[in-house]
Enquirer: 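Please find one structure pasted underneath; my questions will follow.
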Amino acid sequence: MLTISQLASYAGVTVRAVRHYHAKGLLPEPERDHSGYRRYDAHAVVELIRIRTLAGAGVPLARVRELLAAGEEEFNAAVADIDRRLRAEIRQRQRHRERIAQLAAGDSLALPPEAVAYLDRLRELGLPELMIEGERDAWILVAAQLPEHMSFYMKVKQQQLDDPATLQLYRDLAAMIDWEADDPRVAAVGDRLVALIEADAEGWENHDEVMPDELAQLLDSVFLDSVPTARRLLERLEERGWRGWTKLERIQPT
């Protein structure tokens with residue numbers, strides 16, 4: 001005859017688990033002997049192992065009692081049903097793992113490969129992470145609305161990075177992140193930007209109506225909210241005859 005500790009040890013569970021199964025009515029609780037201890041026999045060990053095995057396989061305790069009392073045919077049918085449920089849970093957990101892997105992938109979570117490559121190139125060029133994060137968030141918005149146009153946009157951005165003058169403008173814009181709103185250097189950056197635009201006005205001016213105005217305004221607001229000098233830069237562009245940021249248009253100089 002075994003004590004509760006010995007029973008738990010034989011079945012590979014804790015004493016607390018044995019008491020829990022008693023409370024749930026899964027394992028009969030024997031009478032106490034003359035010393036006041038409960039004693040268990042081999043049958044109790046077998047029953048406890050069966051309970052442990054079913055519970056360990058994911059069978060709800062509410063069904064364990066039913067299965068322990070089931071006939072062979074009923075038991076096999078119930079096990080097959082449990083197996084189907086477990087396989088469905090495994091598929092769901094696999095999808096969760098894939099989602100976690102996407103989260104760990106960083107930029108590729110919500111961006112196509114060409115956009116990830118563009119952001120990686122910005123990092124290779126030594127541009128600050130704060131600027132790259134702003135670019136990433138902006139392109140996530142674009143990719144969500146215009147996924148079929150991302151390949152074209154990224155091709156244009158990569159071509160811009162091949163131009164030394166445009167690359168220097170990127171560095172100027174990165175430096176501007178830390179400037180005060182009224183920094184006098186903004187005018188010079190604006191002038192360099194206008195020079196680039198007017199050197200290739202057809203390439204810079206956006207005649208494409210694919211991007212909705214609402215999206216362009218949202219992207220402009222991200223720039224205005226995150227860069228203190230952004231408003232002054234856009235004012236400088238208007239002074240020189242250009243309006244907008246995401247979608248540039250030619251206007252009369254102010």
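Count residues from 1 along the sequence.
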Enquirer: Run the side-chain hydrogen bond (donor to acceptor under 3.5 Å, both in side chains) check on D172 and Q168 step by step: do they pass?
Expert: CA-CA 6 Å; D172 291 339; Q168 182 56 49; 3.1 Å; yes

Enquirer: Could you tell me how the ring of Y170 sits relative to the ring of Y118: parallel (under 30°), tilted (30 to 60°) or perpendicular (over 60°)?
Expert: perpendicular

Enquirer: Using side-chain contact (heavy atoms from CB on, under 4.5 Å), reason through L7 and L27 one step at a time and then give a plain yes or no.
Expert: CA-CA 12 Å; L7 170 70; L27 184 68; 4.2 Å; yes

Enquirer: Test your reading of the model: is there a side-chain donor-acceptor pair from T229 to the backbone of R232, 3.5 Å cut-off?
Expert: no

Enquirer: Closest approach of V227 and M176, non-hydrogen atoms and distance?
Expert: CG1-O, 4.1 Å

Enquirer: Is the shortest side-chain heavy-atom distance between L173 and L193 below 4.5 Å?
Expert: no

Enquirer: Determine whether L48 and Y10 make a side-chain contact, defined as any pair of heavy atoms from C-beta on separated by less than 4.5 Å.
Expert: no

Enquirer: Is L2 reachable from V46 through a run of I, L, V, M, F, W or Y residues, each pair having side-chain heavy atoms under 4.5 Å apart?
Expert: no

Enquirer: For the residue pair A78 and L67, what are the closest heavy atoms and their distance?
Expert: CB-CD2, 3.1 Å

Enquirer: Of the non-hydrogen atoms in P30 and R38, which two are nearest, and what is the gap between them?
Expert: O-NH1, 2.5 Å

Enquirer: Have D213 and Q217 got a donor and an acceptor in their side chains that come within less than 3.5 Å?
Expert: no

Enquirer: Kindly say whether L61 contributes a backbone atom to a donor-acceptor pair with the side chain of K24 at under 3.5 angstrom?
Expert: no

